[in-house]
Structures are given as C-alpha cells and as structure tokens.
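Taking it in order: structure first as structure tokens, then the write-up.
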Amino acid sequence: MTLETKNSIIIIGGGLIGLSIAYKFAKNNCKVLVLSKNRNESAGFVAAGMLATHAEGLEDELLKFGQESQSLIPKWIKSIEQDSGIKCGLKKCGIVVPFKNKEDLEEFPTYKYGKYLNQKDLQTEINGINTIWKHALLFEQDGQIDNRRRLMRALERACSLNGVEFKEGSEVKDLIIEKNKIIGAIFLCATGELKKINCEKAILCSGAWSKNIFNKIPIFPVKGQMLSIQGPTNFLKRVIFGSKTYLVPRDDGLIIVGATVEKNSKFNQGNTPNGIKELQEGIRSLLPEAIHWPQMEHWWGFRPCTPDLQPILGKSEIKNLFLATGHYRNGVLFSAITSDLLFKLVQKKNFKESEKIFLEKFSLDRFRI
Ligand SMILES: Cc1cc2nc3c(=O)[nH]c(=O)nc-3n(C[C@H](O)[C@H](O)[C@H](O)COP(=O)(O)OP(=O)(O)OC[C@H]3O[C@@H](n4cnc5c(N)ncnc54)[C@H](O)[C@@H]3O)c2cc1C
C-alpha cells in the first residue's frame, strides 16, 4: 500500500456538501484535499435545486436553519459565480403550494409565511393549473438554483481555482483511528490500488453512502427519480410544489419534474416504469397540458436520510472526525449554512447563538440512547 503525503484536512465526499465546505476553507486560505468516489453519482447533480424553506413546510429548528441558509445564499452564490465565471441560475421565483381544501392549507406548518391564493388568484398566477386545486399558498421568498447544470460545476471550478486539491475516483474504504483520534484514511484509487493518506482532521460528507465509512451514523438512501420536459420559455414562472410532484421551471423553459420518494430502494440503480408513470401522473395533476411537452431526460439519485429527517452536523466520538451529512431533501438549501458551521467548528471559531443551537440540535448524540 502506498503512503500519500500528509494532508492536514481531508474531506470525504465531493458532492454538494463536500464541495461547499471545501470552498469555504479555500476562501479562508486553508488547504484541503477532497477524496471523492464518484462525483457524478452525487445527489447534488440530481436535485431539483429548489430553495423551498417554506414550501417544504419545515418546522422548528429546521425551519430556522433553512431560513438562515437562504439568507446566506445570495452572497455565497455571488462569490462562487465571480470565482468560477459560471452563473448559477439563482432565482427568487416564488413557490406555489396548491391545496384541494382550505383545512389542509390552514394546517400547513408554514401557513403564516405564505400569501393566500383563492382559485381565481391561483389560475391567474399559474396559467393552466389543474382545476382540482381550489386554494394555494404562494411563498414569494422561496426560489431555486440550477444545481444540476450550473452550481455543481461552478463549485468544482471555484474550488480548483482557489487551491482545493481533488482526488476524484478515490473511494475511502476505512478510517485509520489511533487512541480514538483519526490519523488517516485508506482509499481505493481508480487504478485499483489501495492507498493510505495521513491527516490531522477529516470531515465526512459522503451523503447517502456515509454509513459505509462510519457505521455509527444512522444514514440510509431514499431514492428519487426525476425527469425533465421542455416547455415554452416563460410559460411557467413559479415553481409548483404539489403534495407528490413538483415542477421547477428553468430560464430556458426546461421544467424539472420530481420526484419519487422511495424509502426501501437501497442503492437500486435506474429509472423504473412505475417511477416515470408516477411523475407523468404528477404532471397531469398539476399542469395537464404539460403532459404533451417533449420529455428530455430522466435520472435518479439518493437522498441521504436520517431517522428523524434532519441532518447530522458536528463532532463525532472520534476526535477530529467531523460530520456533515443527512441533508435529505434540502441539501441544496442547507449547503451555505452547513459550510459556515463546519468551517467554524473545525477551525475553532466563535459561534452565534443560533449556530450553537443548530449544532446541538443536529448533533449525532441525539441518536445515542
Ligand atoms: C431526487 C432528489 C431531489 C432533490 N431535490 C432537492 C431540492 O430541490 N432542493 C434541495 O435543497 N435539495 C434537494 N435534494 C437533496 C440534495 O440533493 C442532497 O441533500 C444533497 O445533494 C446532499 O449532498 P451530499 O454532499 O451530502 O451528498 P451527495 O451530493 O450525494 O454527495 C456525496 C458524495 O460522496 C461520495 N462518496 C460516497 N462514498 C464515498 C467514499 N467511500 N469515499 C469517497 N467519496 C464517497 C459520492 O460519490 C458522492 O459524490 C434532492 C435530492 C434528490 C435525490
């Protein structure tokens, strides 16, 4: 086994969260190395890119976490865009959540943050929406970003240009622990060779696969299938967030249609006839005429899920092994705040009161009996 040179901080996983954290460290003149199994399988390339703090109906600390992250996103994206030269398609386009009856609308957890639309307002807001929807909440503060075509590439580029080192095609197989402290990792290279690397600190950001590396972490994959259709440019301006399906319109008329939520899928690859059928039925139930628009692509990926659907952030019981995973359905939304928190934690900076609460709430300790 070859021994690689010493690297003080390694990031395990080069998906959305790993790249976001690497970028934060690089902007603060810290050298990091990203060990990444396969960036293409990252949920960062799969997601619809909604910044749906309110439309997702988040509650309690998770809602505050989303709201704080959403407030950081414009500045964060501007910096990534300036460094990479790639526009990320950030848009505060508003998200409409339709309802069949008013009781469901009034019980929606983030009801008080939305603007009420009656059926007439809804038809005006979304031309062609299915008449089964009688009421809606419009969350004007929510939006989207084009993660799949832009943000991921922009982050990769901004990281590289700021000195982040990458080892793509490197699958971490084991952590090297001595006296309850991480001192390195063993990884399999694309060439099939096993290598060992020393480190002083490591941050685990391996998404749905995190348990393979650190089995104390209760993470499992929840598969999501997606497809896209090409609509007329500017036909749909706001995201429609139905109870099962959502439609996310990009600037060029491409509409992202998502997503199945398959809790027992394990890591089964590929789209399935049932998955595609569910998405098509979802399109019909939201915007019937869109079922005739050409289908462009279909794809799938794995959300990193925890038993309470909240992320796992912070320290682990192994000294200097930090955790940033389990972002489930909202990793795009949570990426900005996650990178700030992990940077401060690893570099022992001072926290704001709200950040202390997030770290306590999202600590791995909550799963210990
Ligand atoms: C269908 C779908 C729709 C979604 N829509 C949205 C949305 O609209 N808005 C939103 O905010 N979020 C959304 N999400 C959630 C978001 O995509 C995820 O929460 C986020 O991408 C998680 O980021 P991550 O870096 O933890 O994991 P990933 O982005 O999956 O990255 C993990 C990386 O770790 C690597 N890795 C795994 N094991 C190893 C190993 N042993 N060694 C080295 N590297 C390893 C993997 O190859 C991968 O590249 C969606 C997700 C899905 C699947």
Side-chain angles (χ1 to χ4, degrees), residues 10-22 33-53 55-56 58 65-66 69-70 73 95 142-148 151-152 155-156 166-175 185-190 202-214 219 221-227 239 241 245-248 256-262 265 267 271 275 279 298-306 309 311-313 323-339 342:
I10 57 172
I11 292 180
I12 305 172
L16 182 61
I17 299 297
L19 289 177
S20 304
I21 295 174
L33 167 74
V34 179
L35 292 171
S36 169
K37 173 162 64 112
N38 175 5
R39 189 147 334 121
N40 286 340
E41 72 184 0
S42 150
F45 276 120
V46 175
M50 287 179 294
L51 305 172
T53 310
E56 277 271 351
L58 301 181
F65 194 60
S69 197
Q70 204 157 347
I73 283 177
I95 302 187
D142 287 357
Q144 61 159 303
I145 191 156
D146 194 343
N147 56 295
R148 187 166 153 79
L151 173 63
M152 286 296 285
L155 260 175
E156 277 171 32
F166 284 100
K167 282 194 188 298
E168 184 58 35
S170 301
E171 179 178 1
V172 171
K173 289 290 192 187
D174 228 336
L175 305 175
I186 294 170
F187 63 97
L188 185 69
C189 301
I203 309 174
L204 183 74
C205 315
S206 312
W209 299 266
S210 298
K211 201 175 165 60
N212 295 347
I213 304 167
F214 187 54
I219 298 268
V222 174
K223 183 174 174 180
Q225 302 188 44
M226 314 265 289
L227 60 81
V239 173
F241 193 101
T245 309
Y246 48 74
L247 306 180
V248 185
I256 310 299
V257 183
T260 62
V261 179
E262 300 169 49
S265 63
F267 284 107
N271 288 102
L279 295 173
H298 47 259
W299 64 95
W300 74 95
F302 302 100
R303 304 171 184 90
C305 190
T306 63
L309 314 182
I312 296 177
L313 304 174
L323 310 170
T325 184
H327 292 74
Y328 189 41
R329 293 171 62 97
N330 289 294
V332 181
L333 170 66
F334 296 153
S335 47
I337 193 163
T338 298
S339 61
L342 266 289

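All values below were derived from every heavy atom in this structure, side-chain atoms included, with hydrogens, water molecules and symmetry-related copies excluded. Ligands are counted one by one from 1 in listed order, and the atoms in each one are counted from 1 as well. Note that the numbering runs from 1 along the sequence shown for the chain.
- Residue K37 places at least one N or O, backbone or side chain, under 3.5 Å from an N or O of ligand 1.
- Atom 22 (C) of ligand 1 has as its closest protein heavy atom P304 CG, 3.9 Å.
- Considering backbone and side-chain atoms together, A43 places an N or O closer than 3.5 Å to an N or O of ligand 1.
- The protein heavy atom nearest to atom 10 (C) of ligand 1 is R329 O, 3.2 Å.
- Less than 4.0 angstrom separates some heavy atom of H327 from each of these atoms of ligand 1: 19 (O).
- Comparing heavy-atom distances from atom 8 (O) of ligand 1 across M50, K173, R148 singles out M50 as nearest.
- Using 4.0 Å as the threshold, N212 has no heavy atom nearer than that to any atom of ligand 1.
- No side-chain heavy atom of I203 sits under 4.5 Å from any side-chain heavy atom of I12.
- Scanning A185, S210, C305, G207 for the heavy atom closest to atom 26 (O) of ligand 1 points to G207.
- With hydrogens and angles ignored, the 3.5 Å screen pairs a side-chain donor or acceptor of S42 with a backbone N or O of G44.
- Counting protein heavy atoms only, atom 21 (O) of ligand 1 is closest to G44 N, 3.2 Å.
- Using a 4.0 Å cutoff on heavy atoms, L35 counts as a contact of ligand 1.
- Any N or O atom pair closer than 3.5 Å counts here, and L333 shares at least one such pair with ligand 1.
- Inclusion of E41 in the set of residues having an N or O under 3.5 Å from an N or O of ligand 1 is warranted.
- Taking distance alone, with nitrogen or oxygen atoms compared against 3.5 Å, V222 stays at or beyond that limit from ligand 1.
- Considering backbone and side-chain N/O of S36, none are found under 3.5 Å from N/O of ligand 1.
- Considering CD1 of I10 and NZ of K167, their distance stands at 11.0 Å, rounded to 0.5 Å.
- Judged by distance alone, the side chain of S265 and the main-chain N or O of V222 form no donor-acceptor pair under 3.5 Å.
- At least one heavy atom of G49 sits less than 4.0 Å from an atom of ligand 1.
- Of all atoms in ligand 1, numbered sequentially from 1 with element shown, those under 4.0 Å from a heavy atom of M226 are 1 (C).
- Distances from ligand 1 to the non-hydrogen atoms of F45 include no value under 4.0 Å.
- Atoms of ligand 1 lying under 4.0 Å from any heavy atom of A47, numbered from 1 in the order shown and given with element: 3 (C), 4 (C), 5 (N), 6 (C), 13 (C), 14 (N), 17 (O), 50 (C).
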Practice problem: Start with the C-alpha gap between F65 and L313, add the side-chain angles, then the distance that decides, and say whether side-chain contact (heavy atoms from CB on, under 4.5 Å) holds. | Solution: CA-CA 12 Å; F65 194 60; L313 304 174; 3.5 Å; yes
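- Residue contacts with ligand 1 for A208 are absent, since no atom lies close enough (heavy atoms, distance under 4.0 Å).
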Practice problem: Could you go through the side-chain hydrogen bond (donor to acceptor under 3.5 Å, both in side chains) check for T325 and S210 one step at a time? | Solution: CA-CA 7 Å; T325 184; S210 298; 2.9 Å; yes
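- Between E168 and K37 no salt bridge is recorded (no basic side-chain N to carboxylate O distance below 4.0 Å).
- Residue-to-ligand polar distances place L16 within reach of ligand 1: an N/O pair is separated by less than 3.5 Å.
- Interface atoms of ligand 1 facing G13, defined by a heavy-atom separation under 4.0 Å, are 34 (O), 35 (C), 44 (N).
- Among all non-hydrogen protein atoms, the one lying nearest atom 42 (N) of ligand 1 is V172 N, 2.9 Å.
- Remark: ligand 1 and T325 share no N or O pair separated by less than 3.5 Å (distance only, no angle test).
- Remark: L247 CG to I95 CD1 distance equals 11.5 Å, nearest 0.5 Å.
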Exercise. Test side-chain contact (heavy atoms from CB on, under 4.5 Å) on L333 and M50 and set out the steps.
Key: CA-CA 7 Å; L333 170 66; M50 287 179 294; over 6 Å; no
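- The shortest distance between side-chain heavy atoms of L151 and D146 does not fall below 4.5 Å.
- The shortest N or O to N or O distance between G331 and ligand 1 is under 3.5 Å.
- Atoms of ligand 1 found under 4.0 Å from any heavy atom of C205 (numbered from 1 in listed order, with element): 32 (C), 34 (O).
- Distance CG/L19 to CZ/R39: 5.5 Å, rounded to 0.5 Å.
- Heavy-atom contacts of E171 reach the following atoms of ligand 1: 41 (N), 42 (N) (cutoff under 4.0 Å).
- Each of the atoms 42 (N), 43 (C) of ligand 1 lies under 4.0 Å from some heavy atom of S170.
- Here the protein heavy atom with the shortest distance to atom 29 (O) of ligand 1 is S42 OG, 2.7 Å.
- At a threshold of 4.5 Å between non-hydrogen side-chain atoms, the residues W299 and V46 count as touching.
- Aromatic ring centres of W209 and F267: separated by under 6.0 Å.
- In this structure the side chain of I219 reaches within 4.5 angstrom of the side chain of I312, judged on heavy atoms.
- Counting protein heavy atoms only, atom 31 (O) of ligand 1 is closest to G15 CA, 3.2 Å.
- Of all the atoms in ligand 1, the ones that sit under 4.0 Å from a non-hydrogen atom of Y246 are 3 (C), 5 (N).
- When atom types are taken as modelled, the side chain of R303 and the backbone of R329 share no donor-acceptor pair closer than 3.5 angstrom.
- Atom CG of L323 and atom CG of L342 lie 8.5 Å apart (nearest 0.5 Å).
- Geometrically, ligand 1 and Y328 share a nitrogen or oxygen pair separated by less than 3.5 Å.
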Quiz prompt | Verdict with supporting geometry, I21 and C205, side-chain contact (heavy atoms from CB on, under 4.5 Å) | solution = CA-CA 9 Å; I21 295 174; C205 315; 3.8 Å; yes
